[in-house]
Protein chains: 2
Amino acid sequence: MQEHSVHVQCSECPIRHRAVCARCETDELSRLEQIKYYRSFQAGQTIIWSGDRMEFVGSVVTGIATLTQTMEDGRRQMVGLLLPSDFVGRPGRPVAAFDVTATTDLVMCCFRKKPFEDMMSATPHIAQRLLEMTLDELDAAREWMLLLGRKTAREKIASLISIIARREASLHMRRAKGMLSVDLPLTREEMADYLGLTLETVSRQISALKKDGVINLEGNRHVQIPDIDRLLEEAGDDSDGGMLV
Amino acid sequence: MQEHSVHVQCSECPIRHRAVCARCETDELSRLEQIKYYRSFQAGQTIIWSGDRMEFVGSVVTGIATLTQTMEDGRRQMVGLLLPSDFVGRPGRPVAAFDVTATTDLVMCCFRKKPFEDMMSATPHIAQRLLEMTLDELDAAREWMLLLGRKTAREKIASLISIIARREASLHMRRAKGMLSVDLPLTREEMADYLGLTLETVSRQISALKKDGVINLEGNRHVQIPDIDRLLEEAGDDSDGGMLV
DNA sequence: GACGCTCCTTGACCCAGATCAAGTTACAGG
DNA sequence: CCTGTAACTTGATCTGGGTCAAGGAGCGTC
């Protein structure tokens with residue numbers, strides 16, 4: 001269960017996405033093919049409300065979704081960012097624990113929960129693969145706890161940008177004239193909700209990082225990173241390890 | 001895989017602890033018995049350092065352990081609190097992601113990693129049970145992210161006390177003259193590290209909650225809760241749901 | 001090209017919680 | 001019983017980031 005690929009190529013998905021261990025092969029894949037279907041969501045649309053019955057699991061194919069919690073008085077905290085290939089849903093859980101919202105137009109590849117769970121019982125590798133993915137998410141959540149509890153606003157912004165850069169880089173290595181560049185997929189307010197800040201502070205810290213030459217801005221959303229090590233240093237991460245997300 | 005008990009009774013453990021699905025019964029249990037062993041740790045002793053090779057998994061039998069991260073400049077954030085019955089370790093991961101420290105004298109029931117993983121492969125229910133537990137931990141971590149990112153110091157303290165009360169209550173329902181009472185298993189500094197505060201702020205907020213009659217203090221560590229609903233209200237939790245940990 | 005959006009920036013001021021600095025318990029060991 | 005030390009409390013002051021407020025920039029629509 002170690003080094004083989006963990007991505008499956010859906011017959012229709014434009015990208016490979018990880019949902020099932022690839023070693024379990026054709027038989028399993030064909031069964032998955034039979035029960036899968038696609039759903040599209042518009043930017044801003046809520047996919048599931050916290051507490052709602054959730055009758056499917058799936059993974060993001062294109063677009064960005066977020067996991068958020070809201071207190072009665074409106075304070076919001078984003079607790080997860082779902083990029084293409086990320087899995088959504090909790091096998092064995094009837095209801096959703098958090099709001100899931102599409103922040104861009106979004107396509108998901110879904111499996112009805114019951115058949116997926118049946119297949120999970122029949123195919124041990126799936127549970128093991130899901131366990132592995134859930135452990136990754138747990139590590140990421142715990143890294144985020146350090147950020148939320150102990151980092152300064154500037155470090156939080158630098159961390160967010162470097163994490164998005166890392167995720168983007170792993171998908172489609174993109175460099176312009178030797179400079180790493182990233183599109184921020186979130187508004188300032190969404191970044192604030194992710195980082196436990198206000199949107200004004202996010203804006204101010206981004207301006208400060210720009211003034212100090214740590215990043216370049218091209219429009220509001222497009223960031224160039226002249227020196228990734230400098231950015232990581234600003235993020236306060238020890239060495240270059242950690243920070244999975 | 002749904003409603004059956006998920007606790008196993010070790011032959012020596014004073015309490016039942018959850019590590020394996022009980023439905024998988026005698027055969028599996030006896031195999032587990034063969035590979036399990038016990039380890040004791042003194043209060044303050046570090047069980048594993050982040051990045052260390054980790055050659056066992058296990059669960060807490062008695063005592064309290066914590067999961068923490070530290071930045072180079074010494075800022076610390078606790079990312080998990082391990083009470084009796086909690087599982088430690090990541091099947092499939094060679095190294096520990098966080099420091100694990102015994103905050104009280106501690107006994108753990110351990111399994112060497114290799115045989116445990118072998119058994120996991122051979123017994124599908126184990127992976128499913130671990131997945132379930134990991135999903136619980138992930139939900140708890142995400143609840144904690146809301147606390148760290150958005151709650152006030154007073155709400156954080158109230159949340160921590162109510163969570164510890166809930167955990168204690170589920171183990172050994174303890175009430176003195178109709179009043180719920182809890183021992184805080186952590187120093188003020190450890191609470192601060194858990195809540196993303198300083199120890200001074202923790203102390204001040206505990207004093208404030210006492211002055212306002214939300215809690216009573218008997219010594220430094222023993223807390224009485226005259227009105228659990230009042231406490232939950234102070235914690236800012238919607239209704240009485242959520243907050244697993 | 002002017003309107004009406006939503007998103008973003010910047011300034012002025014304020015306050016919750018951090019920091020610095022004394023004390024005060026609580027309790028273990030001699 | 002005294003003494004030392006770790007844990008805790010409380011006060012005084014400072015400050016990072018929140019709050020309130022006023023624009024600006026980009027962009028789709030008529």
Side-chain angles (χ1 to χ4, degrees), chain A residues 42-45 64 71 73-77 103-105 147-161 183-212 215-223 234 236, chain B residues 42-45 64 71 73-77 103-105 147-161 183-212 215-223 234 236:
Chain A
Q42 291 172 4
Q45 197 178 348
I64 313 252
M71 294 171 70
D73 61 7
R75 280 176 283 174
R76 283 163 56 86
Q77 177 66 50
T103 55
T104 63
D105 289 341
L147 177 146
L148 290 172
R150 294 302 185 195
K151 288 192 178 179
T152 64
R154 173 184 263 246
E155 288 169 338
K156 287 178 176 182
I157 297 289
S159 297
L160 179 62
I161 294 174
D183 278 317
L184 299 176
L186 303 172
T187 66
R188 299 289 186 264
E189 184 172 23
E190 286 162 343
M191 290 187 233
D193 284 342
Y194 204 10
L195 299 169
L197 298 171
T198 59
L199 69 92
E200 292 95 330
T201 299
V202 170
S203 180
R204 270 187 259 269
Q205 295 300 333
I206 288 179
S207 300
L209 287 175
K210 180 185 177 183
K211 185 165 69 62
D212 297 345
I215 57 172
N216 281 336
L217 278 185
E218 214 174 74
N220 289 328
R221 301 292 197 90
H222 196 75
V223 176
E234 291 282 354
Chain B
Q42 290 173 6
Q45 196 179 349
I64 313 254
M71 293 171 69
D73 60 6
R75 281 177 281 174
R76 284 163 54 86
Q77 177 65 50
T103 56
T104 64
D105 288 341
L147 177 145
L148 290 172
R150 294 303 186 193
K151 289 192 177 178
T152 64
R154 173 184 262 246
E155 288 169 338
K156 286 177 176 181
I157 297 289
S159 297
L160 179 63
I161 294 174
D183 277 317
L184 299 177
L186 303 173
T187 66
R188 300 289 187 263
E189 184 171 22
E190 286 162 345
M191 291 187 233
D193 283 343
Y194 204 9
L195 299 169
L197 298 171
T198 59
L199 68 91
E200 293 96 329
T201 299
V202 169
S203 180
R204 270 187 258 270
Q205 294 300 332
I206 288 179
S207 300
L209 287 174
K210 180 185 178 183
K211 186 166 68 64
D212 298 346
I215 57 172
N216 281 337
L217 278 186
E218 218 174 72
N220 289 329
R221 302 292 198 89
H222 196 74
V223 176
E234 291 282 354

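Predicted model, so just to flag it, every value in this text is computed and none were measured. Excluded from the calculations below are hydrogen atoms, water molecules and symmetry mates; all remaining heavy atoms, backbone and side chain alike, are included. First the proteins, then the strands, lettered A, B, ... as listed; each starts at 1.
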Checklist entry - Per the atom types in the model, does the base of D:dC20 pair as donor or acceptor with the side chain of A:Glu200 at under 3.5 Å? => result yes
Item to check | Nucleotide range of DNA chain C lying under 4.0 Å from chain A heavy atoms | outcome: C:dC8 to C:dA12
Next on the checklist: Of the options D:dG18, D:dC8, D:dA12, whose atoms approach the side-chain atoms of A:Arg204 most closely?
Outcome noted: D:dG18
Item to check | Nearest-0.5 Å distance that lies between atom CG in B:Leu195 and atom CG in B:Leu148 | outcome: 7.5 Å
Checklist entry - Is B:Leu184 close to B:Asn220 at the side-chain level, that is, under 4.5 Å between some pair of heavy atoms? => result no
Item to check | Difference in axis direction between the ends of the helix from C:dG1-D:dC30 to C:dG30-D:dC1, five pairs, 10° | outcome: 30°
Checklist entry - Between D:dT9 and B:Ser203, is there an OP1 or OP2 to side-chain N/O distance shorter than 4.0 Å? => result yes
Item to check | Residue pair A:Glu234 / A:Arg154, side-chain heavy-atom distance below 4.5 Å | outcome: yes
Checklist entry - In whole angstroms, how far is the P atom of D:dG16 from the CZ atom of A:Arg150? => result 16 Å
Checklist entry - At under 4.0 Å between heavy atoms, what does B:Thr198 touch on the DNA or RNA strands: base, sugar-phosphate, or nothing? => result base
Checklist entry - Looking at B:Ser207, does any N or O in its side chain come under 4.0 Å of the phosphate oxygens OP1/OP2 on D:dT10? => result yes
Item to check | d(CD, B:Gln205; P, D:dT9) in whole Å | outcome: 12 Å
Checklist entry - Want to settle it: does A:Asn220 or A:Arg154 sit nearer the 5' end of DNA chain D, counting the closest nucleotide to each? => result A:Arg154
Checklist entry - Going by heavy atoms in the side chains, are B:Arg150 and A:Asp193 under 4.5 Å from each other? => result yes
